[in-house]
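Presented below is the structure to which this report refers.
Source: prediction; values computed, not measured.
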Amino acid sequence: MSDFVRGLRLWLAPRRIREEGDTPDYRFSLANERTFLAWIRTALALVGGGFAVDQFLPDLRWGVRVGMALALLAAGALCALRAVNHWARCERAMRRGEDLPVSRFPALLSLAVGVVAVAMVVVVVFGWRG
C-alpha cells in the first residue's frame, strides 16, 4: 500500500495511529491537536474571506473579484486538507520517536495570501471598477 493511501486511511480511521509505536506524552498529542484546530480556524477564515470578497465587492471587475475570491477559497480548502494530513503525520512521527515532518505548505499559503492581499491593496488604492 502506498504512503498516500496509508496516510489517507489515517485521516478516516485515526484509531490506526495507535497501532504504531508507543503512546507519546499526552501533552504533545494535545499540542498537535491544538495546531490542527489553528489550521482549521485559518481555513475557515480564508473561506470566509473568499465569500466576503465575492459578496461585498460587487463593483469590482468580475474577473478580479472572482479571481481573488477563488484564490482565497482554494487556499482555505487546501489549508483544511493539509491540517488533517499534518496532524496524522505528526502524530505518527511522535509515536515512532521520529523527527516531526517538515512542510513547505506554510510558505506557499503565506505567498498565496500575500498575493491576494497585495491585489486587494491595489484595488483599494486604484479603485478598479467593473
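When hydrophobic clusters are built by joining Ile, Leu, Val, Met, Phe, Trp and Tyr residues whose side-chain heavy atoms come closer than 4.5 Å, directly or via intermediates, Leu70 is grouped together with Trp62. In the hydrophobic cluster analysis, where Ile, Leu, Val, Met, Phe, Trp and Tyr join through side-chain heavy atoms closer than 4.5 angstrom, Leu111 is grouped apart from Phe105. Cluster membership for Phe36 and Leu44, using ILVMFWY side-chain heavy atoms within less than 4.5 angstrom, is shared. Each of Val115 and Met120 belongs to its own hydrophobic cluster when Ile, Leu, Val, Met, Phe, Trp and Tyr are linked at side-chain heavy-atom distances under 4.5 angstrom.
In this structure, Met94 shares a hydrophobic cluster with Phe28, Leu100, the cluster being traced through Ile, Leu, Val, Met, Phe, Trp and Tyr side chains under 4.5 angstrom apart.
Here Thr23 contributes atom OG1 and Arg95 contributes atom CZ; the two are 4.0 Å apart, rounded to the nearest 0.5 Å. One finds the CH2 atom of Trp39 at 7.5 Å from the CZ atom of Arg82 (value rounded to the nearest 0.5 Å). Taking CG of Leu72 as the reference point, atom CZ of Phe51 lies at 11.0 Å (rounded to 0.5 Å). Between atom CZ of residue Arg41 and atom SG of residue Cys79 there is a gap of 11.0 Å, rounded to the nearest 0.5 Å. The structure places CG of Leu109 at 6.0 Å from CG of Leu46, a figure rounded to the nearest 0.5 Å.
In this structure, Asp22 places its CG atom where only 12 or fewer heavy-atom neighbours from other residues, nucleotides or ligands lie under 6.0 Å away.
Side chains of Arg89 and Ser103: no donor on one and acceptor on the other come within 3.5 Å.
Looking only at side-chain heavy atoms (C-beta outward), Leu30 and Arg27 stay at 4.5 Å or farther from each other.
Between Arg65 and Asp54 there is a salt bridge, since at least one side-chain N of the basic residue sits less than 4.0 Å from a carboxylate O of the acidic one.
Of all heavy-atom pairs spanning Gly76 and Ala43, the tightest one is O-CB, 3.3 Å. Here the closest heavy-atom approach between residue Val116 and residue Met68 is recorded as O-SD, 4.2 Å.
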